[in-house]
J.: 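Could you have a look at this structure, given as structure tokens, before my questions?
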2 protein chains.
Amino acid sequence: MTSIQAKLAAHGHRLTKPRQAIFTVLSHQPQSVLEISQKLSKKKLQIDKVTIYRTLDCFVNLGLANKTQFKDQTFFYELADHKHHHHVVCEGCGKIADIELDEAELLQKVRKNSPFQIKSHHLEFFGLCQKCH
Amino acid sequence: MTSIQAKLAAHGHRLTKPRQAIFTVLSHQPQSVLEISQKLSKKKLQIDKVTIYRTLDCFVNLGLANKTQFKDQTFFYELADHKHHHHVVCEGCGKIADIELDEAELLQKVRKNSPFQIKSHHLEFFGLCQKCH
DNA sequence: ATATTATTGCAAATCAGTTGCAATAAGTCA
DNA sequence: TGACTTATTGCAACTGATTTGCAATAATAT
Ligand SMILES: [Mn+2]
Ligand SMILES: [Mn+2]
Ligand SMILES: [Zn+2]
Ligand SMILES: [Zn+2]
């Protein structure tokens with residue numbers, strides 16, 4: 001709460017009830033707005049989806065959340081307090097697991113092979129989890 | 001034409017005029033359906049966007065095209081006849097360049113770190129091209 | 001040439017995300 | 001604390017991308 005409080009304040013933003021609620025529901029598991037909405041409902045916290053979108057957007061800008069995308073046109077959000085990492089998605093059951101890699105070599109190769117100044121990347125893996133295998 | 005012809009036939013699909021037209025317009029530059037549609041229009045080939053979607057879907061299934069996604073909810077399609085590769089997208093002007101990497105090490109690391117059976121991955125880089133830099 | 005059925009095009013629907021705006025509630029300060 | 005300012009919320013309507021239903025059309029096989 002203090003961290004979010006501080007970051008919001010530093011940007012002239014307010015710590016509101018919806019923002020607190022949405023924050024408590026975030027985790028390292030990337031979640032869609034629908035899933036977040038449903039989690040909130042279960043907690044008897046009724047928050048409009050537009051507010052969820054705007055809040056997540058705000059969190060992403062403040063570096064509190066990360067926005068990801070897998071194979072469909074839906075965006076997923078997770079807490080940003082961990083180390084930079086990527087995910088493996090099970091194409092059988094939808095399960096998502098974190099993957100932590102040393103990407104130094106990879107990025108080095110890319111920088112050597114491309115004249116672009118690279119700022120960020122998306123990397124996601126797809127396959128089958130142990131159960132679905 | 002023969003390659004597409006053969007693959008279509010092998011799956012009981014027909015080589016139609018729209019399919020030929022759409023095929024000629026594909027390249028290694030990932031393109032959205034809108035862009036493909038505009039290219040076709042310039043060639044005086046008026047094809048409904050629904051047909052473009054269905055055709056691209058068909059091409060992807062036959063391994064003739066690849067479907068990619070960058071930071072928005074739009075899908076991009078490119079020819080699949082080249083070696084496996086990824087892209088760098090300029091966030092200034094939208095320019096897209098191919099990036100070819102040796103991913104063996106990376107995949108090895110991932111397989112070692114994850115119990116999932118990995119089948120595919122998405123990897124895209126974002127930054128600024130030389131002009132926008 | 002005819003019959004069969006995959007494919008097309010149009011209209012309408014869906015799905016995720018965005019925008020406008022009036023009502024509400026944080027944060028500020030006397 | 002209580003009034004004041006303005007960020008934030010919720011609702012309704014909208015957009016852009018993609019999908020679906022269906023009747024008309026055109027590729028293929030005989
Ligand atoms: Mn994660
Ligand atoms: Mn390419
Ligand atoms: Zn699974
Ligand atoms: Zn550029």
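Lettering of chains follows the sequences in order, A, B, ..., and the numbering in each one begins at 1.
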J.: If you assign each of Y77(B) and T16(B) to its closest nucleotide in DNA chain D, which residue comes earlier from the 5' end?
T.: Y77(B)

J.: Could you check whether L34(B) gets within reach of a base, just the sugar-phosphate, or nothing at all, counting any heavy atom under 4.0 Å?
T.: nothing

J.: Among dT18(D), dA11(C), dT7(C), which nucleotide sits nearest the side chain of R19(B)?
T.: dT7(C)

J.: Rounding to an integer number of Å, can you tell me how far K49(B) NZ sits from dT20(D) P?
T.: 14 Å

J.: Strictly under 6.0 Å, is that where the ring centroids of H86(B) and H84(B) end up?
T.: yes

J.: Closer than 4.0 Å, any side-chain N/O of T51(B) to the OP1 or OP2 of dT8(C)?
T.: no

J.: Rounding to a whole Å, what distance do you find between F75(B):CZ and dT19(D):C1'?
T.: 12 Å

J.: Rounded to the nearest Å, what distance is computed from the NZ atom of residue K67(A) to the C1' atom of nucleotide dA16(C)?
T.: 11 Å

J.: Give the nucleotide from the list dG9(C), dT9(D), dA13(D) with an atom nearest to the side chain of D48(B).
T.: dG9(C)

J.: Starting from V89(A), can I reach I99(A) by hopping between I/L/V/M/F/W/Y residues whose side chains sit under 4.5 Å apart?
T.: no

J.: Would you kindly compare H13(A) and R54(B) by the position of their nearest DNA chain D nucleotide and give the one closer to the 5′ end?
T.: H13(A)

J.: Nearest whole angstrom, please: distance from the P of dT19(D) to the CG of D57(B).
T.: 6 Å

J.: Counting the atoms with a prime plus P, OP1 and OP2 as sugar-phosphate, which does K17(B) contact under 4.0 Å by heavy atoms, base, sugar-phosphate, or nothing?
T.: nothing

J.: Can you tell me the distance, in whole Å, between the CD1 atom of I47(A) and the P atom of dT9(D)?
T.: 8 Å

J.: dT20(D), dT8(C), dT18(C): which one has an atom nearest the side-chain heavy atoms of V50(B)?
T.: dT20(D)

J.: Side-chain N or O of Y53(B) versus OP1/OP2 of dT18(D): is the shortest distance under 4.0 Å?
T.: yes

J.: Take atom CD1 of I52(B) and atom C1' of dT19(D), then tell me their distance rounded to the nearest Å.
T.: 15 Å

J.: What is the ring orientation for F125(B) with H121(A), classed by angle as parallel under 30°, tilted 30 to 60°, or perpendicular over 60°?
T.: tilted

J.: Quick one: L40(A) CG to dT9(D) P, roughly how many Å, whole number?
T.: 12 Å

J.: Does H133(A) have more than 12 heavy atoms from other residues, nucleotides or ligands lying within 6.0 Å of its NE2?
T.: no

J.: Has S41(B) got a side-chain atom pairing as donor or acceptor with S37(B)'s backbone, closer than 3.5 angstrom?
T.: yes

J.: Nearest to the side chain of R14(A), which nucleotide is it out of dT5(C), dG27(C), dG10(D)?
T.: dG27(C)

J.: Could you tell me how far apart L56(B) (CG) and dT8(C) (C1') are, to the nearest whole angstrom?
T.: 15 Å

